[in-house]
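The residues of the chain are indexed from 1 along the displayed sequence. Remember, predicted model here, so these are calculated numbers, not experimental data.
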Amino acid sequence: MRCSIALTTALFAMLLTASPRTFAQELRVIRVGVPVMKNNAGRSVPGNLERDRLVKALNGEKPDKKLHMKVQGVALDGTNPEEAVSQGAEKKCDYIVYTTLIELRTQGDRVQRRPGTIEINPKRTESPETAAMNPEYRATVEYKLYRTGDQSAISGAPFSTQEAMPEIEVVSQVMDRIANRVFDEVKKGVPPRP
């Protein structure tokens with residue numbers, strides 16, 4: 001009896017001093033650099049605000065338990081690709097995702113459609129009175145994901161949505177969707193641990 005109590009006490013002491021790493025595999029952190037969003041639309045939306053939104057959305061992605069990996073968004077201040085690549089290397093980024101606001105308009109603005117645009121929500125119809133009180137904004141943001149040091153894009157596509165909310169919020173919704181897509185693309189490039 002005394003032997004089993006001593007053995008139990010010794011095992012309990014070993015469990016308390018063992019690192020958590022012995023119980024769970026450590027997460028690999030994949031760093032994704034995010035430069036300031038380029039704005040090619042006719043309306044003013046701060047590129048640094050949307051960059052920060054994308055960084056926050058990437059950091060909010062839940063870790064992939066199967067691959068034991070997590071994506072970490074890293075804000076980059078570069079305004080051109082050379083600066084972004086340099087900063088990405090400095091900050092040890094594995095990937096860099098560039099974003100460009102290519103469309104931000106209301107229903108009355110001229111339509112500029114890009115082929116291959118991914119619609120986030122189906123078209124909605126509203127009465128003219130509701131549309132006048134809460135104008136709908138249509139935002140399209142194109143993203144391109146690169147592995148650091150590689151000049152060919154891994155993936156990229158324009159994402160588009162139309163909502164009755166402020167312009168910045170409509171663009172932010174698209175940035176959240178881009179974060180989901182970037183996370184999925186990064187997972188494809190991570191080999192599973194044995």
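Note that CD of Glu185 and CD1 of Ile154 are 7.5 Å apart. Values are rounded to the nearest 0.5 Å. Residue Lys144 holds its NZ atom at 15.0 Å from CD1 of Ile96, rounded to the nearest 0.5 Å. Between the CG atom of Asn80 and the CD atom of Glu82 there is a distance of 4.5 Å, given to the nearest 0.5 Å.
Here the shortest heavy-atom pairing between Ser44 and Glu167 reads O-OE1, 4.0 Å. Here the closest non-hydrogen pair linking Cys93 and Val74 is SG-CB, 4.0 Å. When every heavy atom of Pro46 is checked against every heavy atom of Ile168, the shortest pair comes out as CD-CD1, 4.1 Å. Here the shortest heavy-atom pairing between Gly88 and Leu76 reads N-CD2, 4.0 Å. Here the closest heavy-atom approach between residue Met69 and residue Phe183 is recorded as SD-CE1, 4.1 Å.
Tyr137 has its side chain within reach of Leu104: a pair of non-hydrogen atoms, C-beta onward, lies under 4.5 Å apart. Side chains of Lys187 and Leu67 form a contact here, defined as non-hydrogen atoms less than 4.5 Å apart. Counting heavy atoms from C-beta on, the side chains of Gln72 and Val32 never come closer than 4.5 Å. Residues Met165 and Gln173 meet the side-chain proximity criterion, which asks for heavy atoms closer than 4.5 Å. At least one side-chain heavy atom of Glu61 sits less than 4.5 Å from a side-chain heavy atom of Asn180. You'll find the side chain of Val34 reaches within 4.5 Å of the side chain of Leu58, heavy atoms only.
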Next item on the list: Evaluate the criterion salt bridge (charged side-chain N to carboxylate O under 4.0 Å, His left out) for residue pair Arg105 and Glu103; output intermediate values, then yes/no.
Entry: CA-CA 6 Å; Arg105 63 177 181 81; Glu103 174 188 39; 2.8 Å; yes

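Partner of Leu54 under the side chain to side chain contact (heavy atoms under 4.5 Å, CB included) criterion, out of Val182, Ile178, Val174: Ile178 alone. Here the rule is side chain to side chain contact (heavy atoms under 4.5 Å, CB included) with Tyr143, and of Arg181, Met175, Met37 only Arg181 fits it. Asn39 pairs with exactly one of Val171, Val141, Val45, Ile102 by the side chain to side chain contact (heavy atoms under 4.5 Å, CB included) rule, that one being Val45.
Between Arg138 and Glu136 there is no salt bridge, since none of the side-chain N atoms of the basic residue sits less than 4.0 Å from a carboxylate O of the acidic one.
Listed by first and then second residue, the side chain to side chain donor-acceptor pair (under 3.5 Å) pairs that reach into residues 89-100 are Tyr95-Arg147, sequence neighbours excluded. Screening residues 46-59 for side chain to side chain donor-acceptor pair (under 3.5 Å) gives Glu50-Ser172, Arg51-Asp77, Arg53-Asp176 as the qualifying pairs, with residues at least two apart or on separate chains.
Evaluation of the side chain to side chain contact (heavy atoms under 4.5 Å, CB included) rule for Pro166 yields Glu169 as partners, not counting sequence neighbours.
If you chain together hydrophobic residues whose side chains sit under 4.5 Å apart, Val97 and Leu49 fall into the same group.
Judged by distance alone, the side chain of Ser160 and the main-chain N or O of Ala139 form a donor-acceptor pair under 3.5 Å.
In Lys38, the NZ atom is not crowded: 12 or fewer heavy atoms of neighbouring residues, nucleotides or ligands sit closer than 6.0 Å.
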